[in-house]
Amino acid sequence: MDLDLKGKIALVTGSTAGIGFAIAKRFAVEGAEVILNGRTDERVRESIAKIDKEISGAKLRSIAADLGTAQGCDKIVREAQRVDILVNNVGIFEPKPFERITDQDWEKFFAVNVMSGVRLSRAYLPAMKERNWGRIVFISSESGLQIPPEMIHYGTTKTAQLAIARGLAETCRSTGVTVNSVLPGPTASEGVTEFVSSLAAENKISAKEFEKQFFKEARPTSILQRFIEPDEIANVVAFVCSPLASAINGAAVRADGGAVRSIG
C-alpha cells in the first residue's frame, strides 16, 4: 500500500534505536524526507548509515540534540524549520519502587517524555495549521492506561502525553492537521532487549523463558503474549501519519497486543 508520504518532511525524535529507528526507516521506505535525532552525532550518523545501506535513495538528515532540555529543542527547530510530520518518540523508562523515585527523577522524566513533545509541537503546529496539513503523533504506551506499579513515574508521563495529544487535536478543528497518540505494548526495543537479557542472566534462564514468564506474571492480559517488534509499531505510526488516515484525529491508537482489556 502506498501511504502517499513522498515529499513530506518527517521528524522522528529519539530515532537512533528501537521504535524511533523503525519509524524513521518506514518513513524512508515511503519516500519521505526523514530527520533523525539522537543525543550524539555519532549515534545519529550510525543510524543513517544503517538506513542508507538498506534503502537506496533514502532522503535522510541528522540533528543531534538532547531533547530533555529547552536548548536541545530550540536547536531542532533552528535546523529543521519546516516539518510536515512530527513524531514525538523520544523517551526514557526505569523500573523503580515509588518510595525511591526522587523529585529529580520526576523532573527528568517529565522533561524528556513530556516537555520535549510540548516544545516541538508548540513550535511546529502553527505552520501546519497555516498550510492546512500536518501530522503530530505522540508515542505513548499501554502503561499510560495501566500504570505499572514498578515505574509509576514513567506511566504518569505516558498518561500526560495522551492528554496533550487530545487537547492539541481539539485546536485543529476544521483543518487538515491531526494529532494522535499511538500506544505500543511491551516492545522489543534496544533498551528492553538489554534489560530482559540482563534479568534473564541474573535468574539463570534463557531470554525466551524470561519473556514467557514476564507475560504470564507482569502482562497476563496481553493477547499477543510476546514482545512486539518495533517494525510492527512503525507500520501503525506510518499509517496514522499518512493522508489515508485523515479521519483519525484526537485518538489514542492502541498497538498493544491486546494488553489493555477495556474497550473504551
Side-chain angles (χ1 to χ4, degrees), residues 12-26 36-51 53-54 62 64-68 87-98 100-102 104-105 108-109 111-113 116 139-144 146-158 161 182-220 222 224-237 255-257 259:
V12 185
T13 66
S15 45
T16 58
I19 291 172
F21 178 77
I23 293 169
K25 186 169 69 171
R26 181 58 197 268
L36 282 82
N37 158 254
R39 283 182 296 175
T40 67
D41 286 314
E42 182 181 7
R43 286 278 286 176
V44 182
R45 282 197 303 268
E46 287 173 356
S47 300
I48 285 180
K50 287 178 186 176
I51 296 177
K53 190 175 181 180
E54 291 186 43
S62 68
D66 179 359
L67 299 187
V87 180
N88 291 309
N89 169 76
V90 69
I92 55 175
F93 75 97
E94 176 193 30
K96 200 169 194 179
F98 174 75
R100 290 173 49 201
I101 304 172
T102 65
Q104 289 76 20
D105 291 331
K108 180 181 178 181
F109 269 70
V112 177
N113 294 2
S116 60
I139 304 302
S140 181
S141 168
E142 52 95 14
S143 294
Q146 300 180 147
I147 306 295
E150 72 275 12
M151 44 185 181
I152 292 171
H153 52 340
Y154 170 77
T156 301
T157 62
K158 292 300 166 178
Q161 288 180 318
V182 170
L183 287 70
T187 303
S189 62
E190 185 178 87
V192 170
T193 300
E194 291 173 358
F195 179 64
V196 166
S197 297
S198 173
L199 286 181
E202 284 179 21
N203 289 277
K204 298 180 180 178
I205 58 176
S206 70
K208 198 67 181 174
E209 288 173 314
F210 181 88
E211 180 179 16
K212 186 176 180 180
Q213 183 178 312
F214 172 84
F215 281 96
K216 181 180 179 181
E217 298 175 3
R219 293 296 186 276
S222 170
L224 202 59
Q225 286 293 297
R226 65 166 173 81
F227 286 110
I228 299 165
E229 292 299 323
D231 287 347
E232 294 176 295
I233 305 300
N235 292 337
V236 176
V237 174
D256 65 339

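Excluded from the calculations below are hydrogen atoms, water molecules and symmetry mates; all remaining heavy atoms, backbone and side chain alike, are included. Quick caveat: nothing in here was measured; it's all calculated off a predicted structure.
- Arg39 CZ: 12 or fewer foreign heavy atoms inside a 6.0 Å radius.
- Expressed to the nearest 0.5 Å, how far CD1 of Ile228 lies from CG of Asp256 amounts to 6.5 Å.
- Atom CD of Glu42 is surrounded by 12 or fewer heavy atoms from other residues, nucleotides or ligands within 6.0 Å.
- The salt bridge (Lys or Arg N to Asp or Glu O under 4.0 Å) test applied to Lys158 returns no partner, not counting sequence neighbours.
- Taken from CZ in Phe210 to CD in Glu217, the straight-line distance is 9.0 Å, to the nearest 0.5 Å.
- Counting only distance, with no hydrogens or angles, the side chain of Ser143 and the backbone of Ser141 share no donor-acceptor pair below 3.5 Å.
- Side-chain contact check for Lys50 versus Phe21: some heavy-atom pair is nearer than 4.5 Å.
- The side chain to side chain contact (heavy atoms under 4.5 Å, CB included) test with Thr13 is passed by exactly one of Ile139, Val90, Val112: Val90.
- Looking at heavy atoms from C-beta onward, Lys25 lies in side-chain contact with Asp231 at the 4.5 angstrom threshold.
- Between Met151 atom CE and Thr157 atom OG1 the span is 9.5 Å, to the nearest 0.5 Å.
- Checking side-chain atoms of Ser140 against main-chain N and O of Val182 turns up no donor-acceptor pair under 3.5 Å.
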key: Intermediate values then yes/no, side-chain contact (heavy atoms from CB on, under 4.5 Å), Phe109 and Glu94   = CA-CA 10 Å; Phe109 269 70; Glu94 176 193 30; 3.9 Å; yes
Contacts under 3.5 angstrom, residues 193-204 side chains, donor-acceptor by atom type, not counting sequence neighbours:
unit_1, atom_1, unit_2, atom_2, d
Thr193, OG1, Ser189, O, 2.9
Ser197, OG, Thr193, O, 2.9
Asn203, ND2, Leu199, O, 2.7

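- Interatomic distance, CD1 of Ile92 versus NE2 of His153, reported as 7.5 Å (0.5 Å rounding).
- Within the 3.5 Å criterion, the main-chain N or O of Ser15 finds no donor-acceptor partner in the side chain of Asn37.
- Phe227 and Phe215 have perpendicular rings, their planes meeting at more than 60° on a 0 to 90° scale where under 30° would count as parallel.
- Atom CG of Asn113 sits about 10.0 Å away from atom NZ of Lys108, to the nearest 0.5 Å.
- Side-chain atoms of Ser47 come within 3.5 Å of backbone N or O of Thr16 as a donor-acceptor pair.
- Salt-bridge check for Glu209 with Lys212: failed, with every basic side-chain N at 4.0 Å or more from each acidic carboxylate O.
- Checked against salt bridge (Lys or Arg N to Asp or Glu O under 4.0 Å), Lys96 has the following partners two or more places apart in sequence or in another chain: Asp105.
- Scanning all heavy atoms of the two residues, the minimum distance from Gly155 to Pro148 falls at CA-CD, 4.1 Å.
- The minimum heavy-atom distance between Leu183 and Glu142, with the atom names listed, is CB-N, 4.1 Å.
- Rounded to the nearest 0.5 angstrom, Glu232 CD and Ile19 CD1 are separated by 10.5 Å.
- Residues Val44 and Gly38 approach most closely at CG2-N, 3.3 Å, considering heavy atoms.
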query = Hey, mind stepping through Leu36 and Val12 against side-chain contact (heavy atoms from CB on, under 4.5 Å) and telling me if it holds?
reply = CA-CA 6 Å; Leu36 282 82; Val12 185; over 6 Å; no
key: side-chain contact (heavy atoms from CB on, under 4.5 Å) evaluation trace for Asn235 with Arg26   = CA-CA 7 Å; Asn235 292 337; Arg26 181 58 197 268; 2.5 Å; yes
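- Of the possible polar contacts, none joining the Ser222 side chain to the Arg219 backbone as a donor-acceptor pair under 3.5 Å is found.
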